[in-house]
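Reckoned from all heavy atoms, side chains included, excluding hydrogens, waters and symmetry mates.
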Amino acid sequence: MEQVLSGVGARDAVNAEKAVRTVALASLIGTTVEWYDFFLYGTITGLVFNKLFFPSGDAFVATALAYTVYAVGFATRPLGGILFGHFGDRLGRKPLLIVTLTIMGVSTFLIGLVPTYDSIGIAAPLILLFLRLLQGIGLGGEWGGAVLMAFEYAPRDKRGQFAAYPQIGLAVGLCLSTGVVALLSSTLTDEQFMSWGWRLAFMLSLVLVAVGMFIRLRVLETPEFARIKDSQHVAHVPLSEIVRDYRRNVLLGWGARYIDGVVFNVYAVFAISYLVGTLHFPKTPILLAVTLAALVLVVTIPYASKLSDRVGRRRVFAAGALACGVSSIPALAVMHYSSNVWWVSLAVIVPLGVVYAFVYGPEASMFCELFDTRVRYTGISVVYQVSGIVSSSITPLVAATLLEYGGHKPWWIAVYVLAVGCLSAACARAMKRTY
């Protein structure tokens with residue numbers, strides 16, 4: 001009898017592990033699609049949008065306007081996070097993720113169809129602005145739901161590991177977006193790429209959405225939320241509970257998240273424009289460097305996340321935040337002084353592909369543990385998306401301004417990243433687990 005029960009228990013454990021991995025895969029595929037859509041705009045901004053969708057004349061003004069529209073996508077992410085977080089805490093995680101995937105896919109596809117400024121004038125940047133708003137709303141709801149699906153399904157001693165699957169989606173999405181642009185730019189002439197080649201990258205989004213939708217529809221609701229719903233302990237107005245009971249955790253989460261947005265946007269968005277536009281490196285090897293950094297993240301994010309299960313999220317995150325700040329000094333120095341494209345590529349790959357993982361890997365589970373299940377979707381969305389307005393959206397613009405202020409030398413950018421790293425490390429160490 002004991003052997004039979006043991007066999008049943010073993011099969012149940014195997015089935016549970018299989019279910020967790022299926023959910024984690026669904027979260028990974030979904031966030032890959034969402035991040036591909038979102039990052040593609042950032043990759044194209046410094047190469048195409050500043051030239052085709054804004055008045056020609058002053059290159060700095062055109063680039064600043066293009067990055068301002070890029071920033072708008074981050075400004076609407078909190079709206080998406082609060083909106084989808086509210087219904088995700090009331091109705092469940094799964095149904096909201098279907099909606100977010102659709103919003104992102106359709107808006108990205110339509111960006112590929114927008115006529116240029118020379119064709120329709122001021123309407124061109126206005127349409128881009130509207131579609132960027134939709135992208136921000138979709139991603140604002142996507143991240144929290146995808147992270148929770150993986151976190152709430154996972155065994156308690158492996159939640160850092162499994163909650164990192166949606167984080168890996170960022171790396172894969174970045175790899176796909178820069179990789180597709182690099183492929184198009186290397187196989188097409190500059191005239192072809194600027195005329196229609198870049199549009200193909202946006203239209204590809206529909207194919208990725210179809211794949212993500214197929215996998216996501218096969219996933220069930222998380223057991224943790226199901227128990228909350230069955231016991232009728234669902235929060236009626238999750239945001240009000242967050243404001244009332246979790247103010248300290250939200251503020252510390254905002255501070256910790258700061259380094260994430262700054263580092264990513266300095267190396268994956270601003271560096272492309274800086275190295276190609278200011279230092280005149282060829283765009284294909286720079287895009288490939290960002291793509292390689294993303295491939296490295298696919299390996300380093302799981303490692304950092306597993307490490308957080310063993311030694312603690314806050315400890316790994318704080319060390320990573322400080323390392324991100326310090327490493328910006330040699331990385332930007334190499335970019336500025338070296339004329340060797342291989343050294344410059346390493347100056348992108350090491351800080352973005354290796355050091356950044358120790359921030360981004362444990363971040364998801366660290367934020368999840370700040371909130372109770374009944375308000376967790378709203379809580380982590382508020383932390384992640386609201387902080388993105390400062391940490392992510394304005395970073396390329398801040399970096400471009402600091403570069404201009406510093407006489408086209410990157411030292412003020414390095415000081416900025418270092419200061420943010422110290423702040424985020426202090427906030428992470430001050431956190432206390434709620435969950």
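Side-chain contact between Phe270 and Ile413 is present, with heavy atoms from C-beta onward closer than 4.5 Å. Looking at heavy atoms from C-beta onward, Leu292 lies out of side-chain contact with Ser345 at the 4.5 angstrom threshold. Using a 4.5 Å heavy-atom cutoff, the side chains of Leu188 and Trp196 are in contact. Between Tyr356 and Asp260, some side-chain heavy-atom pair lies under the 4.5 Å cut-off. Using a 4.5 Å cut-off on side-chain heavy atoms (C-beta onward), Ile137 and Phe84 make contact. Between Arg429 and Leu252 the shortest side-chain heavy-atom distance does not fall below 4.5 Å. Phe193 has its side chain out of reach of Asp190: every pair of non-hydrogen atoms, C-beta onward, lies at least 4.5 Å apart.
Aromatic ring centroids of Phe151 and Phe162 lie 6.0 Å or more apart.
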Might you work through the side-chain contact (heavy atoms from CB on, under 4.5 Å) test for Tyr267 and Ser328, ending with a clear yes or no? CA-CA 10 Å; Tyr267 294 108; Ser328 67; 3.6 Å; yes
Show, in sequence, the C-alpha distance, side-chain angles and deciding distance for Gln167 and Ser305, and conclude whether the side-chain hydrogen bond (donor to acceptor under 3.5 Å, both in side chains) test is met. CA-CA 10 Å; Gln167 307 294 79; Ser305 304; over 6 Å; no
Criterion side-chain contact (heavy atoms from CB on, under 4.5 Å) on Met431 and Phe367, from CA distance to verdict: CA-CA 10 Å; Met431 286 180 178; Phe367 290 161; 3.9 Å; yes
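Between Ser186 and Thr284, the side chains place no donor N or O within less than 3.5 Å of an acceptor N or O (distance only, hydrogens not considered). A donor atom on one side chain and an acceptor atom on the other are not found under 3.5 Å apart for Arg159 and Ser365.
Ring planes of Trp411 and His336: perpendicular class, angle over 60° (limits at 30 and 60°). Relative orientation of the Tyr360 and Tyr384 rings is tilted, given thresholds of 30° and 60° on the angle between their planes. Using bins of under 30°, 30° to 60° and over 60° for the plane-to-plane angle, the ring pair Tyr416/Tyr258 lands in the perpendicular bin. The aromatic rings of Trp198 and Phe202 lie perpendicular to each other, with more than 60° between the two planes, well past the 30° mark.
Atom CG of residue Leu279 and atom OG of residue Ser339 lie 10.5 Å apart, to the nearest 0.5 angstrom.
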